[in-house]
Amino acid sequence: MAIDPKKAAAAQQARQLMTALGSMSEMAHQVHQAMLQSGATKREAELAMNAWIAAFWHESMEDARKSREAQNEGEQE
C-alpha cells in the first residue's frame with residue numbers, strides 16, 4: 001500500500017504546528033515564571049504573558065506577510 005504524498009505532507013505540517021505551539025507555550029510559561037519570581041502578582045504575570053503572546057504572534061504574522069509580499073513581487077517581475 002502506497003503512502004499518499006498529500007496525506008504525508010499534511011501529517012508533517014501537523015507535527016510542525018504541534019512543535020511550534022509547544023515551543024511557544026514553553027516560552028510563554030517562562031515569561032510567566034520570570035514575572036512571578038521578580039515579584040509580580042499572579043494577575044500581573046498573566047497580563048505580561050498574554051502581552052508577550054500577542055506581540056510574538058503579531059511579529060510572526062508581520063514576518064509572514066512581508067515574506068509573502070516579497071514572493072509575490074518576485075513572481076511579477
Side-chain angles (χ1 to χ4, degrees):
M1 183 166 125
I3 298 174
D4 182 358
K6 288 183 181 180
K7 287 184 181 179
Q12 177 65 22
Q13 286 180 335
R15 285 191 295 275
Q16 290 173 342
L17 176 62
M18 294 300 291
T19 299
L21 288 173
S23 297
M24 185 175 163
S25 65
E26 181 61 31
M27 289 186 285
H29 176 72
Q30 292 297 322
V31 168
H32 186 264
Q33 288 301 106
M35 290 293 296
L36 291 174
Q37 290 172 359
S38 67
T41 65
K42 185 174 180 174
R43 181 68 179 143
E44 290 169 333
E46 289 171 359
L47 290 171
M49 180 184 66
N50 288 338
W52 182 87
I53 291 169
F56 185 91
W57 185 262
H58 173 76
E59 288 302 313
S60 296
M61 294 300 101
E62 278 295 307
D63 289 347
R65 277 190 282 278
K66 288 177 184 176
S67 176
R68 189 172 47 244
E69 287 172 2
Q71 286 177 349
N72 288 342
E73 287 177 9
E75 290 174 1
Q76 291 176 359
E77 293 177 359

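In this text, all values refer to a predicted model and were calculated from it rather than measured experimentally. Computed over heavy atoms, backbone and side chain alike; hydrogens, waters and symmetry mates excluded.
Within the model, atoms CE of Met61 and CZ of Arg68 stand 9.0 Å from one another, a figure rounded to the nearest 0.5 Å. Taking CG of Leu47 as the start and NZ of Lys42 as the end, the distance is 12.5 Å to the nearest 0.5 Å. Between atom CE of residue Met18 and atom CD of residue Gln16 there is a gap of 13.0 Å, rounded to the nearest 0.5 Å.
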Under 3.5 Å donor-acceptor pairs involving side-chain atoms of residues 27-40, not counting sequence neighbours:
| from | atom 1 | to | atom 2 | distance (Å) |
| --- | --- | --- | --- | --- |
| Gln30 | NE2 | Glu26 | OE2 | 3.0 |
| Ser38 | OG | Ala34 | O | 3.2 |
| Ser38 | OG | Met35 | O | 2.9 |

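Under the 4.5 Å side-chain criterion, counting only non-hydrogen atoms from C-beta, Glu62 is not in contact with Trp57.
Lys66 and Glu69 are not joined by a salt bridge, as no carboxylate oxygen comes within less than 4.0 angstrom of a charged side-chain nitrogen.
Although no hydrogens or angles enter the test, the distance criterion places a donor-acceptor pair under 3.5 Å between the side chain of Glu44 and the main chain of Thr41.
More than 12 heavy-atom neighbours from other residues, nucleotides or ligands sit within 6.0 angstrom of CZ on Arg65.
Other residues sharing a hydrophobic cluster with Leu21 under the 4.5 Å side-chain heavy-atom criterion for ILVMFWY residues are Leu17.
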